[in-house]
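Following: one structure in structure tokens, then a few remarks.
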Amino acid sequence: MEKPIEANLGNKTFTRGVDAASDSMHKAIDSASGAAAPALEQVTAGAHSTVDKMAGGAHHAAEAVANGGAKLSELKEHFSERCRCHVREKPLLSLGVALAGGVLLSWWFSRSHTAPK
């Protein structure tokens, strides 16, 4: 199943933001290292490596969120189809369960508003 359009757009926007932030950090590191002594070259290399690792982790997180959204959408469709089938097969039972649930929720909410404080 394809990922929802909203998840893809959000993932692409997030990815572009991560790339822009990563490029900006790399430029700032290069600017600072140009003015610093050669002894800072090792620190600069370590900073570049750290930024690359952070960007990779952010990309991985964005993909995981997009995949989770797609799975959630798929589960929602599956659950709603099962509910439709159940209502078609047993309409009176479904109506009774809905009515009982409504009565219980109404009772519960009315008690929570009248409870002493």
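- For Thr50 (side chain) and Gly46 (main-chain N/O), a donor-acceptor pair under 3.5 Å exists by modelled atom type.
- Listed by chain and residue number, nothing satisfies the salt bridge (Lys or Arg N to Asp or Glu O under 4.0 Å) test with Glu89 (two or more places apart in sequence, or in another chain).
- Taken to the nearest 0.5 Å, the CG atom of Leu99 stands 9.5 Å off from the CG atom of Leu104.
- Taking the salt bridge (Lys or Arg N to Asp or Glu O under 4.0 Å) definition, one finds that Arg82 meets it with nothing, sequence neighbours left out.
- Atoms CE and CE, from Met25 and Met54 in turn, are 4.5 Å apart once rounded to the nearest 0.5 Å.
- For Ser22 against Val51, the heavy-atom pair with the smallest separation is OG-CG1, 3.7 Å.
- Under the 3.5 Å distance criterion, the side-chain polar atoms of Ser24 are left unmatched by any main-chain donor or acceptor of Ala20.
- Using modelled atom types, one side-chain atom of Ser110 and one backbone atom of Ser106 make a donor-acceptor pair closer than 3.5 Å.
- In this structure the side chain of Asp19 reaches within 4.5 angstrom of the side chain of His59, judged on heavy atoms.
- Minimum heavy-atom separation, Ile29 to Ala47: CD1-CB, 3.8 Å.
- Every residue meeting the side-chain hydrogen bond (donor to acceptor under 3.5 Å, both in side chains) condition with Arg84, not counting sequence neighbours, appears here in chain and number order: Glu81.
- Residue Leu92 qualifies as open at atom CG: its count of foreign heavy atoms under 6.0 Å is 12 or below.
- Residues Glu63 and Thr15 fail the side-chain proximity criterion, which asks for heavy atoms closer than 4.5 Å.
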